[in-house]
Trainee: 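Below you will find the structure I want to go over with you.
All heavy atoms count here, side chains included; hydrogens, waters and symmetry mates do not. Everything numeric in this text was worked out from a predicted model, so none of it was measured.
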Amino acid sequence: TFYVESPQKIFWLSIITGGIYSLLWFYRHWRHFKRRSIECKKLNIDNPIKYEKDSEIIPFWSAFFCGYYIIGTARRIRDRLRYIGSSEWRTGPWWAFWLFGIDNVTWRYNPTENISQNISVLLIGLVGILISSWQITRLQIKANQSIVLSHEMESISWIELKRWDIIFLIVGVVFTPLVIIDSILPPI
């Protein structure tokens with residue numbers, strides 16, 4: 001029903017990459033929704049939770065507008081957990097939406113000559129990245145609960161890094177320190 005992933009992997013890769021790993025997470029989930037919908041139509045399987053237009057999803061745009069698509073992801077997870085009878089089906093799609101993009105607030109800030117002010121804004125941005133990373137990790141935990149409760153898999157363990165995980169990790173490790181330095185130092 002959902003893209004299977006290790007919540008710990010999602011959280012740490014999101015933090016290490018400065019939040020850009022979440023784009024890959026969204027892309028993979030929405031690509032999975034599209035593939036699932038197409039396969040259900042091919043096999044003429046009646047999906048108990050209907051999202052009629054899932055076969056028309058363009059995963060790139062879902063990742064690009066991930067701040068809005070987090071609501072749809074949370075709703076799908078919530079609906080599936082409710083359908084299988086879980087007592088812990090609440091995902092808080094609107095909380096996920098409001099808290100996901102909190103790190104975007106500091107993007108518009110331009111560094112000034114006041115380094116302590118720059119560091120304060122950077123810390124606010126880093127807390128926002130932590131909160132955003134926790135939001136997608138929380139949703140993955142719920143998605144994994146759905147997979148285990150519906151007996152699709154017995155358990156979810158650490159999943160190895162894939163090629164795109166490594167690419168995002170390398171980009172994050174290279175660019176995150178540069179962004180941090182650029183946001184602290186005064187303009188030249």
Trainee: In Å, rounded to the nearest 0.5 Å, how long is the span from CD1 of Ile124 to CD1 of Ile129?
Mentor: 12.5 Å
Trainee: Consider only side-chain heavy atoms of I, L, V, M, F, W and Y, link residues closer than 4.5 Å, and tell whether Ile10 and Tyr3 are in one cluster.
Mentor: no
Trainee: Hey, quick one: are Phe26 and Val171 part of the same hydrophobic cluster, counting side-chain heavy atoms closer than 4.5 Å, chains of contacts allowed?
Mentor: yes
Trainee: Counting N and O atoms only, with roles assigned by atom type, does the side chain of Asn144 sit under 3.5 Å from a partner on the main chain of Glu5, one being a donor and the other an acceptor?
Mentor: yes
Trainee: For a quick test of reading the model, state the closest non-hydrogen atom pair linking Asn118 to Pro111 and the distance between them.
Mentor: OD1-CA, 3.6 Å
Trainee: Just jot down the ring pair (Phe, Tyr, Trp, His ring centres under 6.0 Å) partners of Trp30, sequence neighbours excluded, or say none.
Mentor: Phe33, Tyr69
Trainee: Return the CD1 to CG distance between Ile84 and Leu149, rounded to the nearest 0.5 Å.
Mentor: 4.5 Å
Trainee: Identify whether Val148 and Leu81 are in the same connected component of the hydrophobic contact network (ILVMFWY, side-chain heavy atoms under 4.5 Å).
Mentor: yes
Trainee: Would you mind reporting whether Trp25 and Leu139 have side-chain heavy atoms less than 4.5 Å apart?
Mentor: yes
Trainee: Supply the members, apart from Tyr27, of the Ile/Leu/Val/Met/Phe/Trp/Tyr cluster built from side-chain contacts under 4.5 Å; use none for a lone residue.
Mentor: none
Trainee: Closest approach of Ile141 and Trp134, non-hydrogen atoms and distance?
Mentor: CD1-CH2, 4.0 Å
Trainee: Who pairs with Glu152 by side chain to side chain donor-acceptor pair (under 3.5 Å), at least two apart in sequence or on another chain?
Mentor: Thr1, Ser150
Trainee: Which side chain to side chain donor-acceptor pair (under 3.5 Å) pairs, counting each pair once, include a residue from residues 164-178, with sequence neighbours left out?
Mentor: Lys9-Asp165, Tyr21-Asp165, Arg28-Asp165
Trainee: Identify the two heavy atoms, one from Arg31 and one from Pro59, that lie closest to each other, and give their separation to 0.1 Å.
Mentor: CA-CG, 3.6 Å
Trainee: Not counting sequence neighbours, list each pair that qualifies as a salt bridge (charged side-chain N to carboxylate O under 4.0 Å, His left out) and has a residue in residues 110-122.
Mentor: none
Trainee: Please set out all donor-acceptor pairs under 3.5 angstrom arising from side-chain atoms of residues 181-188, sequence neighbours excluded.
Mentor:
from   : atom 1 : to     : atom 2 : distance (Å)
Ser183 : OG     : Val179 : O      : 3.1
Ser183 : OG     : Ile180 : O      : 2.9

Trainee: Residues two or more places apart in sequence or in another chain: which of them pass side chain to side chain donor-acceptor pair (under 3.5 Å) with Ser120?
Mentor: none
Trainee: Do you know the tightest heavy-atom contact between His29 and Phe2?
Mentor: CE1-CB, 4.0 Å
Trainee: Just to verify, what does Thr137 make a side chain to side chain donor-acceptor pair (under 3.5 Å) with, not counting sequence neighbours?
Mentor: none
Trainee: Between Leu23 and Phe60, is the side chain to side chain contact (heavy atoms under 4.5 Å, CB included) condition met? List the steps.
Mentor: CA-CA 9 Å; Leu23 298 173; Phe60 171 80; over 6 Å; no
Trainee: Flag yes if more than 12 heavy atoms outside Ile167 fall under 6.0 Å of its CD1 atom; otherwise flag no.
Mentor: yes
Trainee: Search all heavy atoms of Ser14 against all heavy atoms of Ser22 and return the closest pair with its distance.
Mentor: OG-N, 4.2 Å
Trainee: For Gln117, enumerate each residue passing the side chain to side chain contact (heavy atoms under 4.5 Å, CB included) test, keeping only those at least two apart in sequence or located in another chain.
Mentor: Tyr109, Thr112, Asn114
Trainee: Is there a path of hydrophobic side-chain contacts, each under 4.5 Å between heavy atoms, that joins Ile16 and Ile20?
Mentor: yes
Trainee: To the nearest 0.5 Å, what is the distance between CD (Gln135) and OG1 (Thr73)?
Mentor: 12.0 Å
Trainee: Ignoring hydrogens, what is the shortest heavy-atom contact between Leu13 and Thr17? Give both atom names and the distance.
Mentor: O-OG1, 2.7 Å
Trainee: Atom CD1 in Ile77, atom CD in Gln140: separation rounded to 0.5 Å?
Mentor: 7.0 Å
Trainee: Following the transitive rule for hydrophobic clusters with a side-chain heavy-atom cut-off under 4.5 Å over Ile, Leu, Val, Met, Phe, Trp and Tyr, establish whether Ile15 and Leu122 coincide in one cluster.
Mentor: no
